Structures are given as structure tokens and as C-alpha cells.
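Below: the structure, in C-alpha cells.
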Amino acid sequence: MKTTAADGRNAGALRRVWYFYLNGFRSMTYGRTLWVLILVKLFIMFAILKVFFFPDFLRHKSLAEKQDYVGTELINRSVK
């Protein structure tokens with residue numbers, strides 16, 4: 001009897017899929033270079049741009065002040 005994964009699928013099928021992707025990434029000619037570029041791009045998008053373009057101006061407000069602000073903004077923006 002074959003073992004199954006927690007969601008009911010065949011564990012052997014999951015293993016075959018895993019090895020399929022693993023072997024595919026190993027045989028890529030420029031794979032590592034592309035993954036480094038992808039990771040650098042994600043770092044720039046989420047770490048650097050967030051700091052400069054999306055400041056956390058609600059950081060110093062209490063929970064009630066945050067709720068009031070968000071509620072007011074939702075109402076004001078839906079009227080426009």
C-alpha cells in the first residue's frame with residue numbers, strides 16, 4: 001500500500017514532481033544567474049521601495065486611532 005500525503009494525494013506523485021523540478025533547475029544553463037537576479041529584484045521591490053515609498057505612518061497611533069483613520073479614509077475615498 002502506498003503512503004499518501006496529508007491532503008490525500010499520492011506521496012509518490014509528489015516525490016516525482018519534486019524531482020522533476022529539481023532536475024529541471026539543475027540542468028538550466030543560466031539558472032543560478034537568473035535566480036540571483038530574481039532574488040535581487042524581489043529584495044529591491046520589497047525592502048528598499050517599501051522604505052521610501054510606503055512609510056508606516058500609523059506606527060505611532062493607538063488601535064482606536066488606526067481604526068478611526070482607516071474607517072474615515074474608506075468612507076471619504078468611496079464618496080469621490
Side-chain angles (χ1 to χ4, degrees):
M1 179 170 11
K2 291 186 177 183
T3 59
T4 58
D7 60 355
R9 292 183 297 200
N10 189 348
L14 291 175
R15 186 173 295 134
R16 286 193 306 267
V17 169
W18 170 255
Y19 284 119
F20 173 77
Y21 281 104
L22 183 65
N23 290 331
F25 285 124
R26 283 182 184 163
S27 65
M28 290 173 58
T29 306
Y30 300 108
R32 288 195 176 124
T33 305
L34 292 175
W35 277 109
V36 168
L37 288 174
I38 290 169
L39 293 175
V40 168
K41 182 178 178 180
L42 287 173
F43 174 76
I44 290 171
M45 285 174 28
F46 290 110
I48 296 175
L49 291 178
K50 183 185 181 301
V51 170
F52 291 112
F53 293 107
F54 304 107
D56 188 13
F57 57 90
L58 294 175
R59 179 182 351 176
H60 301 293
K61 296 188 183 294
S62 68
L63 181 61
E65 291 172 331
K66 289 178 184 179
Q67 291 172 347
D68 289 338
Y69 176 79
V70 171
T72 305
E73 285 296 312
L74 287 173
I75 292 169
N76 290 340
R77 290 179 186 227
S78 67
V79 173
K80 290 181 182 178

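Numbers here are sequence positions counted from 1. Quick caveat: nothing in here was measured; it's all calculated off a predicted structure.
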Q) Does L39 belong to the same Ile/Leu/Val/Met/Phe/Trp/Tyr cluster as Y30, with side-chain heavy atoms less than 4.5 Å apart forming each link? A) no
Q) In a check of side chain to side chain contact (heavy atoms under 4.5 Å, CB included) between T72 and each of N76, V70, I75, which one passes? A) N76
Q | Fellow cluster residues of L49, listed by chain then number, with links counted only when side-chain atoms sit under 4.5 Å apart | A | V36, V40, F43, I44, I48, F52, F53, F54
Q | Under the ring pair (Phe, Tyr, Trp, His ring centres under 6.0 Å) test, residues paired with F46 that sit two or more places apart | A | none
Q | Test side chain to side chain contact (heavy atoms under 4.5 Å, CB included) applied to I38 - qualifying residues, sequence neighbours left out | A | W35, L42
Q.
Connecting only ILVMFWY residues whose side-chain heavy atoms lie within less than 4.5 Å of each other, what is the rest of L22's hydrophobic cluster?
A. W18, Y19
Q: Could you name each residue pair satisfying salt bridge (charged side-chain N to carboxylate O under 4.0 Å, His left out) that touches residues 61-73, not counting sequence neighbours?
A: E73-R77
(Q) Considering only residues two or more places apart or on different chains, which pairs with a residue in residues 22-46 satisfy salt bridge (charged side-chain N to carboxylate O under 4.0 Å, His left out)? (A) none
